Amino acid sequence: MDPTVSKKQACFPIRVVMEMTNLTARQIRYYEEQGLIKPARNDGNQRMFSLEDIERFRLIKSYIERGINVAGIKTILATNVRDL
DNA sequence: TTTCTAACA
DNA sequence: TGTTAGGA
């Protein structure tokens, strides 16, 4: 990246994530609550989702659609990707 | 107007 | 998971 030109990456409000992932706001907040994803927070404690956050939601959604529950997804993500 | 948290059906 | 109350 070029710090002299950009400091902020593309982020979107929950409404955009809802449309891009076809998940409800309830699910988006619940999956975060369960530790499946950790979106950034910007102004008044509102979630700011990056493109990578949306891609992760699509992965989470694919597991849900395959009948895997939140606990199972949490295990899968924990055994494959250990991030911050 | 949109989003947030907590809590109840 | 849906939905609502009450607030920022």
Side-chain angles (χ1 to χ4, degrees):
Chain A
M1 293 86 142
D2 189 328
T4 65
V5 175
S6 65
K7 185 178 293 250
K8 301 175 183 176
Q9 296 299 310
C11 285
F12 317 88
I14 195 168
R15 182 271 190 198
V16 175
V17 181
M18 289 171 68
E19 294 181 18
M20 295 182 86
T21 64
N22 289 303
L23 289 170
T24 64
R26 180 41 150 129
Q27 289 176 299
I28 293 169
R29 294 176 182 129
Y30 181 66
Y31 300 152
E32 178 198 8
E33 190 177 87
Q34 297 306 303
L36 269 42
I37 191 170
K38 318 102 183 112
R41 296 279 185 151
N42 214 53
D43 58 8
N45 204 38
Q46 294 184 195
R47 298 174 179 73
M48 298 304 276
F49 302 92
S50 68
L51 259 34
E52 295 191 9
D53 288 330
I54 291 174
E55 290 180 66
R56 175 165 297 199
F57 270 126
R58 295 185 61 166
L59 178 64
I60 292 170
K61 189 193 172 193
S62 71
Y63 288 131
I64 293 294
E65 295 178 318
R66 286 168 182 274
I68 301 173
N69 59 38
V70 176
I73 298 172
K74 198 193 289 187
T75 300
I76 293 172
L77 294 178
T79 56
N80 288 296
V81 178
R82 283 190 297 284
D83 51 271
L84 320 183

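Predicted model, so just to flag it, every value in this text is computed and none were measured.
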* Are any non-hydrogen side-chain atoms of Ile60(A) and Thr21(A) less than 4.5 angstrom apart? -> no
* Does the pair Arg29(A)/Glu33(A) count as a salt bridge with the N-to-O cut at 4.0 Å? -> no
* If we only count heavy atoms from C-beta on, is the Tyr30(A) to Val70(A) side-chain gap below 4.5 Å? -> yes
* **Nucleotide dA6(B), atom C1' - distance to CD of Glu32(A) in whole Å** => 14 Å
* Structure fact -> Per nearest nucleotide of DNA chain C, the residue lying toward the 5' end, Gly44(A) or Tyr30(A), is Tyr30(A)
* Just call it for Arg29(A): base, sugar-phosphate, or nothing, with non-hydrogen atoms closer than 4.0 Å on any strand. => base
* Any side-chain N or O of Gln46(A) less than 4.0 Å from the OP1 or OP2 oxygen of dC4(B)? -> no
* Structure fact -> The residue among Arg47(A), Lys38(A), Gln27(A) that forms side-chain hydrogen bond (donor to acceptor under 3.5 Å, both in side chains) with Glu32(A) is Arg47(A)
* Calculate the interatomic distance between Arg47(A) atom CZ and dA8(C) atom P; express it in whole Å. => 17 Å
* Could you check which of dT1(C), dC4(B), dT3(B) has an atom nearest any side-chain atom of Asn45(A)? => dC4(B)
* Nearest whole angstrom, please: distance from the P of dT1(C) to the CD1 of Ile60(A). => 11 Å
* To do: Taking only the side-chain nitrogens and oxygens of Arg15(A), find out if one of them lies under 4.0 Å from OP1 or OP2 of dT3(B).
  => no
* Electrostatic pair Arg56(A)-Glu52(A), nearest N-O below 4.0 angstrom -> no
* Look at the side-chain N and O atoms of Tyr31(A) and state whether any lies under 4.0 Å from the OP1 or OP2 oxygen of dT1(C). => yes
* Structure fact -> Here the distance between atom P of dT3(B) and atom CZ of Phe49(A), to the nearest Å, is 10 Å
* Structure fact -> Encoded 5' to 3' (Watson-Crick or G-U under 3.5 Å; [ ] crossing; | other strand), DNA chain C becomes .|||||.|
* Asked: Heavy atoms, side chains only, cut-off 4.5 Å: are Phe57(A) and Ile37(A) in contact?
  -> yes
* **Arg26(A) CZ to dA7(B) P, straight-line distance once rounded to whole Å** => 12 Å
* Asked: Asp53(A) versus Val17(A): any side-chain heavy-atom pair under 4.5 Å?
  -> no
* **Listed nucleotide nearest any side-chain atom of Ile14(A), set dT3(B), dT5(B), dG2(C)** => dT3(B)
* Asked: Can you check the Asp43(A) CG to dC4(B) C1' distance for me, whole Å?
  -> 11 Å
